[in-house]
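Report on the following structure.
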Amino acid sequence: MFNTRVKIKELLASEQTGHEVTVMGWIRTFRNNQFIALNDGSTNNNLQVVVELGLLDEATLKRLTTGASIKVIGEVVASLGKGQKVEVKAKTLEVLGDSDAEKYPLQPKKHSLEFLREKAHLRFRTNTFGSVFRLRNSLAFAVHKFFNEKGFVYLNTPIITSSDAEGAGEMFRVTTLPFDNPPRNEDGSVNYTEDFFGKSTNLTVSGQLEGELGAMAFSEIYTFGPTFRAENSNTTRHLAEFWMIEPEMAFNDIEDNMNLAEEFIQYLIRYAMEHNMEDLEFLDARLADEEKSKPVAERSEFGLIEKLKFVVDNQFERITYTEAIQILLDSPAYKKKKFKYDVAWGIDMQSEHERYLVEKHFKKPVIVTGYPAAIKAFYMRLNDNCEEGKQTVAAMDILAPGIGEIVGGSQREERLDKLEKRMNEMHIPLEEMSWYLDTRRFGSVPHAGFGLGFERMVLFVTGMTNIRDVIPFARTPKNCEF
RNA sequence: UCCCGAAUAGCUCAGUUGGUUAGAGCAUCUGACUGUUAAUCAGAGGGUCUCUGGUUCAAGUCCAGAUUCGGGAGCCA
């Protein structure tokens, strides 16, 4: 058997000495012709492998370069040096894979995130990205754990879909037709009946509508999968391909929905703090270092771990849209005309408004409910007893400091007549959505759900500031490497 | 898509009112040293100044366009 190695994380944690081990990993640095800092991705902490003088010939020593992979058998001993408690004194050392130091892009020095983005295939070998992607892994696992513990059914909604009625965003077309010469109808339009699926299809922009079908049978489901938006968005918080978590719960109203979303977010953060404290500490220090280079006024009040603790220990602020607008109108920022966009009941709040509420006014995550119907999707439940001309829906957005909208959700319109009326008003073809309307025709129940952008959650937990740095291989406009 | 900014060595960056042979730190290589922590010390190599066009006796430097990247906005998760 080849793999009898011990993982570096376990070896460093046990602090046991006197026994022989096999370790394998990649060389981070080789100092003094004697000390190898070895990393295997299990932790940011390197294992110091000591190569005593005379153990290796000149030629082998030359092959111990940054990035090279090695297998070492040796004794775990107490370290004489200061940086670590234990180290491995090598008895045999085998180079598994060479790494030409002149060509290997990662140098034993600090690199910019922009540079590493171009070397996305190698950036996992750095401390920052090691921590980020170990955290991403933990958070993904915690997502499943949370819903599993609550008895939700994990439902895989389709990635290729013919449903285009949701209007959540521009879609990527899926076709096998030759794009330079597609079959055409008599009127010149493309004849999709000859396409692979016999109709026009796209990559999904949301699994919600299919998720509702599941909730109408299992009571509570969630999806966790890739989502695609062909928007030409060039920001630090948008991706063309991202992962979204969408729970959908029958017999739940907007209140239950908010409670679940808040509990969910806090659960994920708590899980990360319990299982990845080392990585959080590394990112906390990294962020603190970054902050030092900023002007004092732009520095954040909290460190990363401080921020996470605060979010876990405190309830999210809950306000209605109408209250939010009033807070903005009463704000010094509004009175001093600091906002670029005007504030009035009915507006779709701009990010400057959301940031004011979250970062200046409440200084904590905020859940906003009861948005005007006119600016929200067709499936959101119309609130009863609204003031004349101020029809609202049972929608809720969770706004997080530094990220903005991290969750968007609503109680769904379960009343067939009201839903059909709304769809007609918004020119959504009822015939094509017949399968969706069946949930309201046969045993309709009050239900609710939300969508959480996984990468935005990872951004929040890691303290990274660009969404391209929290997904292994980012897909953004004009960029599809690897 | 819009606004702003940037592009010079492997990386991070200097580069004066346009003027001879474009610099530094780190990395790399060579040598020294050998209980080092991004080791240290000495030396060496390394450049189509993003691309295209223009102005000029002369362009890394000025102008126009393109490309890519970064920050912000919109759209949203």
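Proteins come first, then strands; the chains are lettered A, B, ... in the order of their sequence lines, and each starts at number 1.
Taking only side-chain nitrogens and oxygens, A:R28 never comes nearer than 4.0 Å to OP1 or OP2 of B:rU36. One finds no side-chain N or O of A:R31 lying less than 4.0 angstrom from the OP1 or OP2 phosphate oxygen of B:rU36. Taking only side-chain nitrogens and oxygens, A:N466 comes nearer than 4.0 Å to OP1 or OP2 of B:rG71. For A:T29, a side-chain nitrogen or oxygen approaches OP1 or OP2 of B:rA39 to under 4.0 Å. Phosphate contact (OP1/OP2 of B:rC75, side-chain N/O of A:S233, threshold under 4.0 Å): absent. Contact annotation: A:Q350 reaches the phosphate of B:rG74 (side-chain N/O to OP1 or OP2, under 4.0 Å). Here A:R468 reaches the OP1 or OP2 of B:rG70: one of its side-chain N or O atoms lies under 4.0 Å away. Between A:N32 and B:rU34 there is no side-chain polar atom (N or O) within less than 4.0 angstrom of OP1 or OP2. Contact annotation: A:T235 does not reach the phosphate of B:rG72 (side-chain N/O to OP1 or OP2, under 4.0 Å). Taking only side-chain nitrogens and oxygens, A:S351 comes nearer than 4.0 Å to OP1 or OP2 of B:rG74.
For A:E102 against B:rG45, no side-chain N or O and base N or O form a donor-acceptor pair under 3.5 Å. For A:Q107 and B:rG10, a side-chain-to-base donor-acceptor distance below 3.5 Å is present, hydrogens and geometry of angles not being considered. Evaluation of atom-type donor-acceptor distances gives a pair under 3.5 Å for the side chain of A:H238 against the base of B:rC76. Evaluation of atom-type donor-acceptor distances gives a pair under 3.5 Å for the side chain of A:R456 against the base of B:rC76.
The two residues A:E262 and A:F316 come nearest to each other via the heavy atoms OE2-N, 3.0 Å.
Checked for salt-bridge contact, A:D469 and A:R117 meet the test: a charged N lies under 4.0 Å from a carboxylate O. The pair A:E352-A:K340 does not count as a salt bridge, with every side-chain nitrogen at least 4.0 angstrom from each carboxylate oxygen.
Distances were taken from every side-chain heavy atom of A:V50 (C-beta onward) to each of B:rC75, B:rA73, B:rG35; the shortest belongs to B:rG35. In the set B:rA73, B:rU36, B:rC75, B:rU36 carries the atom at the smallest distance from any side-chain atom of A:Q48.
Taking a pair to require two hydrogen-bonding distances under 3.5 Å in either a Watson-Crick or a G-U wobble arrangement, B:rG70 pairs with B:rC4. The base-pairing partner of B:rG45, taking Watson-Crick or G-U wobble contacts with both distances under 3.5 Å, does not exist among the strands shown. With a 3.5 Å ceiling on both atom-pair distances, the Watson-Crick or G-U wobble partner of B:rA64 is B:rU52. Nucleotide B:rG19 has B:rC57 as its partner under the Watson-Crick or G-U criteria, with both atom distances under 3.5 Å.
In this structure, the CD1 atom of A:I27 is 15 Å from the C1' atom of B:rA38, given to the nearest Å. Remark: C1' of B:rC75 and CD of A:E352 are 16 Å apart, rounded to the nearest angstrom. Rounded to whole angstrom, the span from the CD1 atom of A:I375 across to the C1' atom of B:rC76 amounts to 13 Å. For the pair A:F30 CZ and B:rU40 P, the interatomic distance rounds to 16 Å; values are reported in whole Å. If you measure from atom NZ of A:K82 to atom P of B:rA39, you get 17 Å, rounded to the nearest angstrom. Between the P atom of B:rA32 and the CG atom of A:L53 lies a distance of 13 Å, rounded to the nearest Å. Between the CE atom of A:M464 and the P atom of B:rG70 there is a distance of 13 Å, rounded to whole Å. Atom CH2 in A:W243 sits about 18 Å away from atom P in B:rA77, given to the nearest Å.
Under the stacking definition used here (centres under 5.5 Å, planes under 30°), the residue A:F454 fails to qualify as stacked on the base of B:rA77.
Rounded to whole Å, the P atom of B:rA24 lies 14 Å from the corresponding atom of B:rA9. B:rA66 and B:rG71 are spaced 22 Å apart, taking the P atom of each and rounding to whole Å. Taking atom C1' on both nucleotides, B:rC41 is separated from B:rU36 by 15 Å, rounded to a whole Å. Rounded to whole Å, the separation between the P atoms of B:rU21 and B:rC26 comes to 28 Å. For the P atom pair drawn from B:rC49 and B:rG23, the interatomic distance equals 14 Å after rounding to whole Å. For the C1' atoms, the distance linking B:rC63 with B:rG18 amounts to 13 Å, nearest Å. Taking atom P in both B:rU50 and B:rU16, one finds a spacing of 14 Å when rounded to whole Å.
When only modelled atom types and interatomic distance are considered, A:E212 and A:Y379 share no side-chain donor-acceptor pair under 3.5 Å. In this structure, a donor-acceptor pair under 3.5 Å is present between the side chains of A:S200 and A:R173.
Ring centers of A:F30 and A:F35: at least 6.0 Å apart, outside the cut-off.
The nearest heavy atom of RNA chain B to A:F35 and to A:G451 marks one nucleotide each, and the one closer to the 5' end goes with A:F35. In terms of position on RNA chain B, the residue among A:I467 and A:R117 whose nearest nucleotide sits closer to the 5' end is A:R117.
Applying the side chain to side chain donor-acceptor pair (under 3.5 Å) test between A:R134 and each of A:T43, A:D279, A:T462 identifies A:D279 as the sole match.
In this structure the side chain of A:L268 reaches within 4.5 angstrom of the side chain of A:V143, judged on heavy atoms.
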